[in-house]
2 protein chains.
Amino acid sequence: MRLTVMSDYSLRVLMYLGAKPEHRATIQEIASAYGISENHLMKVVHGLGRQGFVETVRGRGGGLRLARPADKIKIGDVIKAVEDDFALVECFRDENVCRISNVCRLRGVLRLALEAYFRVLDDWTVADLVTTPTNLFALLSDLPSSSEPATRR
Amino acid sequence: MRLTVMSDYSLRVLMYLGAKPEHRATIQEIASAYGISENHLMKVVHGLGRQGFVETVRGRGGGLRLARPADKIKIGDVIKAVEDDFALVECFRDENVCRISNVCRLRGVLRLALEAYFRVLDDWTVADLVTTPTNLFALLSDLPSSSEPATRR
DNA sequence: TATAAGATGCATCTCACATATATCTTATTG
DNA sequence: CAATAAGATATATGTGAGATGCATCTTATA
């Protein structure tokens with residue numbers, strides 16, 4: 001019952017971008033803001049790009065921004081897109097060999113529970129995660145390598 | 001977002017026992033019924049014993065049975081007992097270093113989702129998982145090494 | 001006292017996940 | 001148009017939790 005760091009990082013990237021929507025951030029900037037691996041983050045961002053959560057621009061002056069407003073990105077959608085394996089137990093899989101799977105109701109119950117899980121997550125958007133955007137951005141830019149501080153409101 | 005096979009096997013053991021409550025089953029019997037490793041199952045059963053879900057009896061003629069009626073064992077309680085790590089993302093942990101964790105609401109949202117998940121699982125008991133006990137037991141005893149078939153109703 | 005059970009500790013295997021390295025492509029800017 | 005700064009992509013490797021196996025100990029029963 002855990003999420004991968006891919007999900008963790010994905011959400012952090014979206015929050016970062018959501019905290020300052022007009023700003024086009026680079027991967028390097030975000031990685032150093034959180035103190036995490038730039039290489040690793042690149043994969044995460046690439047995935048977010050392919051799945052339509054962020055817009056990426058190559059080349060000098062490039063970077064990323066949210067593909068849609070933060071309040072239009074549901075947490076549940078992000079998790080569903082990033083996590084791949086929701087086969088909670090063997091009987092969810094095609095190669096299931098459990099011999100009671102046709103009379104047992106476990107699969108159905110677990111699926112119901114998972115639906116309830118996502119129903120909650122889909123009630124929240126990236127915008128909801130960031131209490132006060134300025135606060136968050138100030139926090140993120142309080143570090144050596146970042147560019148200008150978020151002075152303007 | 002997956003459960004370990006420990007949970008899977010734990011529930012299968014409880015279902016097996018719940019399907020024929022008066023019968024004291026051995027680990028060997030259950031393992032061969034499902035076609036899974038006896039060694040591995042032994043650990044699972046040991047855990048279930050320590051956590052009070054089953055009563056184990058050593059020695060010749062020993063075996064296991066449910067410690068309480070199947071309809072008094074909630075699925076959610078089993079999962080909670082068997083799975084150990086519900087720290088969905090870094091900020092759930094004590095050694096959290098994410099620098100926005102104090103203004104970010106992710107942790108709270110994920111916790112809510114997890115609660116919803118267990119609220120569903122706690123609505124179901126082991127008894128609910130087994131549609132027709134006789135059916136299930138017939139299915140499970142249809143194999144070489146098992147003792148007498150479940151003829152009686 | 002032999003045997004059939006579970007209890008326990010240790011060893012190992014294995015794969016998903018995490019991380020790193022290197023090279024390619026694209027866009028901008030001087 | 002060349003240099004550079006960005007992301008894209010493929011490959012390699014590390015690593016730890018989870019899964020499995022093996023051997024031995026303990027306990028109860030016949």
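Small disclaimer: the values here were computed from a predicted structure and weren't measured. Every chain is numbered from 1 and lettered A, B, ... according to where its sequence line falls, protein lines coming before strand lines. We use all heavy atoms of the structure for the numbers below, so side chains are in, but hydrogens, waters and symmetry mates are not.
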Could you tell me the separation between the [atom1] atom of [X] and the [atom2] atom of [N], rounded to a whole number of Å?
{"X": "H40(B)", "N": "dG21(D)", "atom1": "NE2", "atom2": "P", "result": "9 Å"}
{"X": "E55(A)", "N": "dG7(D)", "atom1": "CD", "atom2": "C1'", "result": "14 Å"}
{"X": "I30(A)", "N": "dG7(D)", "atom1": "CD1", "atom2": "C1'", "result": "12 Å"}
{"X": "M6(B)", "N": "dA17(D)", "atom1": "CE", "atom2": "C1'", "result": "12 Å"}
{"X": "L41(B)", "N": "dC22(D)", "atom1": "CG", "atom2": "C1'", "result": "16 Å"}
{"X": "R2(B)", "N": "dA16(C)", "atom1": "CZ", "atom2": "C1'", "result": "8 Å"}
{"X": "N39(B)", "N": "dT12(C)", "atom1": "CG", "atom2": "C1'", "result": "13 Å"}

Side-chain heavy atoms under 4.5 angstrom apart, residues restricted to Ile, Leu, Val, Met, Phe, Trp, Tyr: same cluster for V57(A) and L64(A)?
-> no

Electrostatic pair R12(A)-E90(B), nearest N-O below 4.0 angstrom | yes

Does a nitrogen or oxygen in the side chain of S37(A) sit under 4.0 Å from OP1 or OP2 of dA18(C)?
->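 For dA18(C), neither OP1 nor OP2 has a side-chain N or O of S37(A) closer than 4.0 Å.
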
Side chains of H23(B) and E29(B): do they bring a donor and an acceptor to under 3.5 Å?
->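 Result is yes, a qualifying pair exists.
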
Check: Y34(A) main-chain N/O paired with R99(B) side-chain donor or acceptor under 3.5 Å = no

Distances for protein N or O near nucleotides 4-8 of chain C N or O, under 3.5 Å:
from, atom 1, to, atom 2, distance (Å)
dA4(C), N3, R60(B), N, 3.3
dA5(C), N3, G59(B), N, 3.4
dG6(C), OP1, I27(B), N, 2.8
dA7(C), OP1, T56(B), OG1, 3.0
dA7(C), O4', R58(B), NH2, 2.5
dT8(C), OP2, H46(B), NE2, 2.3

Tell me the ring-ring contact (aromatic ring centres under 6.0 Å, His included) pairs involving residues 63-108 of chain B, sequence neighbours left out?
-> F86(B)-F118(B)

Do any pairs count as a salt bridge (Lys or Arg N to Asp or Glu O under 4.0 Å) and have a residue in residues 69-82 of chain B, sequence neighbours left out, and if so which ones?
->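 For residues 69-82 of chain B, and leaving out neighbouring residues, the salt bridge (Lys or Arg N to Asp or Glu O under 4.0 Å) pairs sorted by first residue read D77(B)-K80(B), K80(B)-D122(B).
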
